[in-house]
S.K.: 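Following this message is one structure expressed as structure tokens.
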Amino acid sequence: MLMSIPGTPLPFRIVQSVQYGKVSGGADWEGRLYLDLLLPELSPPLARPAVAYFHGGGWAEGERAAGMYPWLCPLLAAHGFVTASVTYRLSRFAAFPAQIHDAKAAIRFLRANSAQYGVDSGRIGAWGDSAGGHLAALLGTTSDRIDLEGSSGWVEHSSRVQAVVARCAPSDFRRLGVPAEDWRAEVFSLLFGGRMDQHDDLALLASPTAHVDADAPPFLLVHGTEDETVPYEQSTLLAGALRAHNVPVAVHGIDGGHHNMLADVDAPWGNQPWTDLGHEALEFFRRHLGDPLR
């Protein structure tokens with residue numbers, strides 16, 4: 001399927017339902033893991049940077065949607081990036097660390113199949129929203145960490161990423177302070193397979209701030225200052241940890257923005273903030289992964 005976005009330089013092909021891994025259980029699709037690829041039509045077909053996108057939905061909901069949202073993956077593809085929109089095991093079917101195991105397998109798949117899809121295996125980024133942003137951030141702070149690699153596929157390759165964009169993402173579960181009666185407590189219980197205060201080990205393991213070192217890649221953190229779901233402090237905590245190790249990080253705080261990035265918490269999710277985020281992510285990845293058109 002060939003698509004294009006008016007005003008952008010390249011058409012791109014969408015290759016849907018590419019199997020990138022398989023797990024023994026904990027999924028409602030018989031253990032098969034899929035992603036959708038968006039492949040820019042470049043001539044000559046030189047290797048170019050790639051970016052994997054991870055959707056939100058509280059780890060329990062959501063799905064990949066490569067052909068939708070022209071301000072997300074399609075925008076990058078239309079400017080020369082190979083992009084992948086990734087399905088990962090939801091917490092309704094498998095508790096953490098299944099989600100990061102799958103995210104790492106998706107990165108390894110891109111690296112293992114770089115020649116087939118025209119990917120420069122040394123220039124792979126990750127980005128995501130909310131729960132997906134958490135997975136992108138954890139990818140960036142746990143490069144090649146054996147206890148988080150899992151066995152979802154392509155274990156002989158590296159899961160390291162070279163740049164990360166995370167929007168409204170949890171970064172330190174130990175600092176969230178969610179009371180038991182809060183609806184988010186149920187979300188975290190699904191993620192960790194029980195009450196979070198009874199799974200301190202998993203809460204620590206899942207916290208990107210706990211793993212930051214000087215080897216982390218550059219980060220862009222986007223967060224509404226009035227986020228009612230994931231407090232803005234979660235991005236400032238991660239930024240502080242990255243800066244303490246001299247890792248390049250930019251924080252874009254959306255003044256008055258909620259989890260929907262708008263000043264009105266009840267407003268429908270609109271296009272404009274996402275359009276702005278897409279262009280900001282594009283410039284960030286150009287800066288740190290290289291411009292595919294140059």
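FYI, side chains are in, hydrogens and waters are out, and symmetry mates aren't considered; it's all heavy atoms of this structure.
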S.K.: Would you call Arg145 and Leu205 a side-chain contact if the rule is heavy atoms closer than 4.5 Å?
M.R.: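 Touching, per the 4.5 Å side-chain cut-off.
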
S.K.: Roughly how far apart are Leu33 CG and His101 NE2, rounded to 0.5 Å?
M.R.: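 So the CG of Leu33 and the NE2 of His101 are separated by 12.0 Å.
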
S.K.: Check the hydrophobic clustering (I, L, V, M, F, W, Y; side-chain heavy atoms under 4.5 Å; chains of links allowed) and say if Phe93 and Phe54 are grouped together.
M.R.: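 Same hydrophobic cluster.
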
S.K.: Hey, what do you get for CD (Glu233) to CG (Leu176), rounding to the nearest 0.5 Å?
M.R.: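 Here the interatomic distance stands at 8.5 Å.
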
S.K.: Give a yes or no on whether Ile124 and Tyr117 share a hydrophobic cluster (residues Ile, Leu, Val, Met, Phe, Trp, Tyr; joining criterion: side-chain heavy atoms under 4.5 Å apart).
M.R.: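 Yes; tracing contacts between hydrophobic side chains, which count when under 4.5 Å, links both residues.
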
S.K.: Of all heavy-atom pairs between Arg48 and Pro40, which one has the smallest distance, and what is that distance?
M.R.: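 Answer, listing the atom of Arg48 first, then Pro40: NH1-O, 3.0 Å.
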
S.K.: Please lay out, stage by stage, how Asp102 and Val86 fare under the test side-chain contact (heavy atoms from CB on, under 4.5 Å).
M.R.: CA-CA 9 Å; Asp102 298 348; Val86 182; over 6 Å; no

S.K.: Ignoring hydrogens and angles, tell me if any N or O in the side chain of Arg64 forms a donor-acceptor pair with the backbone of Thr87 under 3.5 Å.
M.R.: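 No; judged by distance alone, with no hydrogens or angles, the pair does not exist.
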
S.K.: Show, in sequence, the C-alpha distance, side-chain angles and deciding distance for Val265 and Asn260, and conclude whether the side-chain contact (heavy atoms from CB on, under 4.5 Å) test is met.
M.R.: CA-CA 7 Å; Val265 67; Asn260 61 3; 5.5 Å; no

S.K.: Would a hydrophobic clustering, with Ile, Leu, Val, Met, Phe, Trp and Tyr connected at side-chain separations under 4.5 Å, put Trp183 with Val178?
M.R.: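 Yes; tracing contacts between hydrophobic side chains, which count when under 4.5 Å, links both residues.
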
S.K.: Answer yes or no: is there a side-chain heavy-atom contact under 4.5 Å between Leu10 and Leu293?
M.R.: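 Side-chain contact under 4.5 Å: yes.
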
S.K.: Let me confirm one number: the CG-CD distance from Leu220 to Glu283, rounded to the nearest 0.5 Å.
M.R.: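 The distance works out to 11.5 Å.
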
S.K.: For the atom pair CG (Leu39) and CG (Leu2), what is the distance rounded to the nearest 0.5 Å?
M.R.: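 Taking CG in Leu39 and CG in Leu2, the distance rounds to 10.5 Å.
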
S.K.: Return yes if some donor-acceptor pair links the side-chain N/O of Gln19 with the main-chain N/O of Tyr34 below 3.5 Å, else return no.
M.R.: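 Side chain of Gln19 to backbone of Tyr34: no pair is present.
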
S.K.: Side chains of Val222 and Ile254: does their closest heavy-atom pair fall under 4.5 Å?
M.R.: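 Result yes, sub-4.5 Å side-chain heavy-atom pair found.
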
S.K.: Could you state whether Val15 and Leu35 fall into the same hydrophobic cluster, counting links through intermediate Ile, Leu, Val, Met, Phe, Trp or Tyr residues with side-chain heavy atoms under 4.5 angstrom apart?
M.R.: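 Shared cluster, yes.
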
S.K.: Is the backbone N or O of Leu277 less than 3.5 Å from a side-chain atom of His252, with the two atoms forming a donor-acceptor pair by type?
M.R.: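 The answer is no, because no donor-acceptor pair under 3.5 Å joins these two groups.
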
S.K.: Is a side-chain donor or acceptor of Glu226 paired with a backbone partner of Tyr232 at a separation under 3.5 angstrom?
M.R.: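 Absent.
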
S.K.: Atom CG of Leu75 and atom CG of Leu282: how far apart are they, to the nearest 0.5 Å?
M.R.: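 Between atom CG of Leu75 and atom CG of Leu282 there are 5.0 Å.
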
S.K.: Would you say that more than 12 heavy atoms from the other residues, nucleotides or ligands in this model lie under 6.0 Å from the CG of Asp255, or not?
M.R.: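 Open: at most 12 neighbouring heavy atoms sit under 6.0 Å from CG of Asp255.
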
S.K.: How far does OG1 of Thr8 sit from CG of Leu76, to the nearest 0.5 angstrom?
M.R.: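 It is 11.5 Å, given to the nearest 0.5 Å.
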
S.K.: With the side chain counted from C-beta on, respond yes when Arg89 and Ser152 share a heavy-atom pair under 4.5 Å apart, and no when they do not.
M.R.: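 Arg89 vs Ser152: side chains touch.
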
S.K.: Do Ser91 and Gln99 pass the side-chain contact (heavy atoms from CB on, under 4.5 Å) test, and can you show the C-alpha distance, the side-chain angles, and the key distance before you say yes or no?
M.R.: CA-CA 8 Å; Ser91 60; Gln99 296 72 30; 4.1 Å; yes

S.K.: Minimum heavy-atom separation for Leu148 and Pro97, please, with both atom names.
M.R.: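 Closest approach of Leu148 to Pro97, heavy atoms only: CD2-CB, 4.0 Å.
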
S.K.: Taking C-beta and beyond as the side chain, do Leu237 and Gln234 meet within less than 4.5 Å on heavy atoms?
M.R.: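 In contact.
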
S.K.: Can you tell me if Asp129 and Tyr53 form a side-chain donor-acceptor pair at under 3.5 Å?
M.R.: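 Checked: Asp129/Tyr53 side chains pair up, N/O donor to acceptor below 3.5 Å.
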
S.K.: Indicate yes or no for a side-chain donor-acceptor contact from Ser159 to the backbone of Arg108 under 3.5 Å, with no hydrogens or angles considered.
M.R.: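 Answer holds: no.
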
S.K.: On the 0 to 90° scale, with breaks at 30° and 60°, tag the Phe188-Phe173 ring pair as parallel, tilted or perpendicular.
M.R.: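 Rings of Phe188 and Phe173: perpendicular, over 60°.
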
S.K.: Restricting to non-hydrogen atoms, name the atom on Phe285 and the atom on Val164 that form the minimum distance, rounded to 0.1 Å.
M.R.: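 Result for this residue pair: CE2-N, 4.5 Å.
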
S.K.: Any side-chain heavy-atom pair from Trp154 and Ile107 closer than 4.5 angstrom?
M.R.: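 Heavy-atom side-chain distance check fails, nothing below 4.5 Å.
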
S.K.: Quick one: do the Ser121 and Arg111 side chains pair a donor with an acceptor below 3.5 Å?
M.R.: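 No donor-acceptor contact under 3.5 Å links the two side chains.
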
S.K.: For the ring pair His55 and Tyr88, is the centre-to-centre distance below 6.0 Å?
M.R.: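 Yes, close enough.
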
S.K.: May I have the step-by-step check of salt bridge (charged side-chain N to carboxylate O under 4.0 Å, His left out) for Asp172 and Arg175, ending in yes or no?
M.R.: CA-CA 6 Å; Asp172 192 335; Arg175 298 283 295 272; 5.0 Å; no

S.K.: Give me the atom names and distance for the closest heavy-atom approach of Ala84 to Leu37.
M.R.: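 Minimum heavy-atom contact is CB-CD2, 3.9 Å.
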
S.K.: Are Glu61 and Leu90 close enough that some pair of their side-chain heavy atoms sits under 4.5 Å apart?
M.R.: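 With C-beta onward as the side chain, the pair stays apart.
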
S.K.: Under 6.0 Å from the CD atom of Glu149, do we count more than 12 heavy atoms belonging to anything else shown?
M.R.: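 Result for CD/Glu149: enclosed.
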
S.K.: Examine distances only and state if a side-chain atom of His223 and a backbone atom of Val230 form a donor-acceptor pair shorter than 3.5 Å.
M.R.: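 Here the side-chain-to-backbone pair exists.
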
S.K.: Within a radius of less than 6.0 Å around CD of Glu63, do more than 12 heavy atoms belonging to other residues, nucleotides or ligands occur?
M.R.: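 Counting other residues, nucleotides and ligands, CD of Glu63 stays at 12 neighbours or fewer.
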
S.K.: Does the Thr209 side chain pair with the main chain of Ser171, one donor and one acceptor, at a distance under 3.5 Å?
M.R.: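 Side chain of Thr209 to backbone of Ser171: a pair is present.
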
S.K.: Looking at every non-hydrogen atom in both residues, tell me the closest pair between Ser158 and Arg160 and how far apart they are.
M.R.: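 Minimum heavy-atom separation between Ser158 and Arg160: OG-N, 3.0 Å.
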
S.K.: Taking Asp291's backbone N and O only, do any of them form a donor-acceptor pair with Arg286's side chain (distance below 3.5 Å, no angle check)?
M.R.: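 Not at all, since once roles are kept as given, no pair shorter than 3.5 Å links the two residues.
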
S.K.: Let me see the working for Val212 and Leu238 under side-chain contact (heavy atoms from CB on, under 4.5 Å), right down to the final yes or no.
M.R.: CA-CA 8 Å; Val212 173; Leu238 180 53; 3.9 Å; yes

S.K.: Show the nearest heavy-atom pair for residues Pro217 and Ala163, with the distance to one decimal.
M.R.: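 That closest heavy-atom pairing would be CB-N, 3.7 Å.
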
S.K.: Determine whether a donor-acceptor pair (N or O, by modelled atom type, separation under 3.5 Å) exists between the side chain of Arg167 and the backbone of His259.
M.R.: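 Confirmed, Arg167 side chain pairs with His259 backbone.
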
S.K.: Is there a side-chain contact between Pro208 and Phe219 (heavy atoms, below 4.5 Å)?
M.R.: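 No - every pair of side-chain heavy atoms lies 4.5 Å or more apart.
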
S.K.: Could you see if Tyr20 belongs to whatever hydrophobic cluster contains Val18? Use Ile, Leu, Val, Met, Phe, Trp, Tyr and a side-chain cutoff under 4.5 Å.
M.R.: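 The answer is yes; both residues are in one hydrophobic cluster.
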
S.K.: Does any N or O in the side chain of Glu228 come within less than 3.5 Å of the main-chain N or O of His258, such that one atom is a donor and the other an acceptor?
M.R.: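 Such a contact is absent between Glu228 side chain and His258 backbone.
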
